[in-house]
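The block underneath contains the structure these notes are about, expressed in structure tokens.
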Protein chains: 2
Amino acid sequence: MQTRRRQIEDVASALFSSRGYAATSMRDIARALDLQGGSLYSHIPSKEAVLAAIVEEAAEDFHAAVRPVAERPGPAAERLREMIAAHVRVVTGGRERAKVFLFEWTFLGEDRRDAVARSRSAYQGYFERVVAEGVAAGELSAPDPKLSAVFILSAMNAIAYWYRPDGALGPDALAGHYAELFLRGLQAHER
Amino acid sequence: MQTRRRQIEDVASALFSSRGYAATSMRDIARALDLQGGSLYSHIPSKEAVLAAIVEEAAEDFHAAVRPVAERPGPAAERLREMIAAHVRVVTGGRERAKVFLFEWTFLGEDRRDAVARSRSAYQGYFERVVAEGVAAGELSAPDPKLSAVFILSAMNAIAYWYRPDGALGPDALAGHYAELFLRGLQAHER
DNA sequence: CCTACCGATCGGTAGG
DNA sequence: CCTACCGATCGGTAGG
């Protein structure tokens with residue numbers, strides 16, 4: 001039973017990710033599992049509950065990967081590099097789930113949507129605080145740490161749209177480039 | 001008649017932007033204009049045609065604003081600053097239209113979707129080429145100009161999700177911050 | 001631009 | 001897990 005539910009969530013992730021939640025019907029999900037539409041409801045209570053399960057698991061993955069790094073002591077730049085690597089690994093490691101979490105969560109009902117909004121805000125806070133700590137230590141320059149956090153998160157989240165596992169750039173190389181862009185920008189590196 | 005069509009597109013922009021294309025019904029659009037659902041079809045041929053009109057106009061706005069700057073001679077950093085300002089102005093100046101263009105275009109039918117994909121790819125090329133020119137001139141450092149273009153465009157496009165005209169940061173201040181982040185990163189500015 | 005309607009499809013349930 | 005169904009809603013059209 002647990003297994004069947006998992007299969008439903010995996011198929012739903014793929015379909016929600018590629019067509020969007022609203023444009024995916026329960027019968028689309030059932031068809032991919034060789035079931036009749038109504039049969040899904042012996043395993044799940046509603047379409048929204050499937051979305052919620054996907055979203056909540058992905059949210060947990062992101063927090064678990066990034067929070068420990070953010071709260072560790074050490075140079076801010078170094079922690080940011082690792083946080084970027086962790087975030088990119090979660091995105092690329094489960095592209096479909098990540099995409100649904102990042103871009104389809106607004107289709108949740110009010111209560112769950114509010115909870116996700118709070119969770120995302122807390123998550124953004126990890127980046128914001130590490131940037132601010134780097135500034136306070138004289139290590140980094142950022143007039144608006146919150147905007148810096150939004151900036152790097154926006155860039156990383158969009159990876160869920162275009163990343164392909166068989167592409168030229170692996171997760172760590174990609175994360176390395178993004179960290180470099182975030183921390184040093186396009187400035188010609190003086191040596 | 002022209003006016004009515006325009007009203008339909010404006011209302012559709014607002015609804016597609018906030019709820020998504022698939023989750024917005026023609027009757028939702030009609031209701032906002034105090035019409036019956038079927039009455040819309042004296043002005044437009046289909047739901048998809050409304051989306052296409054919104055998307056194509058926005059695409060044109062982005063190209064018209066950015067292309068001349070990209071193709072002008074001059075230092076790459078300076079052009080990038082202006083391209084970023086231009087892009088951010090288009091996003092913030094028509095948040096709803098921009099959001100629909102940027103994130104709902106995949107609901108277009110195959111032919112129009114392919115055309116938009118080509119247009120977006122050409123648009124990304126403006127940024128990519130200016131970065132590459134800056135590198136060739138020894139002015140900028142970027143191991144992967146294409147990835148740099150994806151990076152800054154991802155960050156800027158996400159602005160359509162959160163920007164509010166009554167917020168603390170106006171379009172030009174916002175663009176200035178983003179240009180600074182892209183060109184210099186978080187590096188502590190040595191003086 | 002409205003009334004009235006079309007066939008198709010939606011999320012979900014009853015009863016087995 | 002299936003068959004058969006529920007009421008609601010979908011995009012779109014005919015005819016005025």
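Order of the sequence lines fixes the chain letters, A, B, ..., with proteins taken first and strands second; residue numbering starts at 1 for each chain.
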Atom CG of B:Leu35 to atom P of C:dC1: distance rounded to whole Å?
-> 6 Å
Taking A:Glu48 for the side chain and A:Gly109 for the main chain, is one N or O donor matched with an acceptor at less than 3.5 Å?
-> yes
Taken to the nearest whole Å, CG/B:Leu40 to P/C:dC2 is 9 Å
Carboxylate-amine/guanidinium proximity below 4.0 Å for A:Glu104 and A:Lys99 = no
Spacing between A:His43 atom NE2 and D:dC1 atom C1', to the nearest angstrom | 8 Å
Should A:Arg5 and A:Glu9 count as an ion pair when the cut-off is N to O under 4.0 Å?
-> yes
Interatomic distance, A:Arg27 CZ vs C:dC10 P [rounded to whole Å] = 6 Å
How close or far is atom P of D:dG12 from atom CD1 of B:Ile44, stated in whole angstroms?
-> 7 Å
Side chain of B:Gln36 (C-beta onward), nearest among D:dC1, D:dG11, C:dT3 | C:dT3
State whether A:Tyr41 places a side-chain N or O below 4.0 Å from either non-bridging phosphate oxygen (OP1 or OP2) of C:dT13.
-> no
Mind checking whether B:His63 and B:Tyr123 have parallel, tilted or perpendicular rings, split at 30° and 60°?
-> perpendicular
4.5 Å side-chain heavy-atom contact, A:Val66 and A:Phe127 | yes
Tell me: NZ of A:Lys47 to P of C:dT9, nearest whole Å?
-> 15 Å
Taking everything shown except A:Arg67 itself, do over 12 heavy atoms lie less than 6.0 Å from its CZ?
-> no
Hey, where does DNA chain C pair up into stems, meaning at least three consecutive Watson-Crick or G-U pairs with distances under 3.5 Å?
-> C:1-16 with D:1-16
How close or far is atom C1' of C:dG12 from atom CG of A:Asp28, stated in whole angstroms?
-> 16 Å
For A:Gly38, report the nucleic acid contact type (base, sugar-phosphate, nothing); a contact means any heavy atom under 4.0 Å.
-> base
N or O in side chain of A:Ser25 less than 4.0 angstrom from C:dT9 OP1/OP2 | no
How long is the line joining CD1 of B:Ile29 and C1' of C:dC1, in whole Å?
-> 17 Å
Test applied, side-chain contact (heavy atoms from CB on, under 4.5 Å); reference residue, A:Gln7; option that passes from A:Val11, A:Thr3, A:Asp10 | A:Thr3
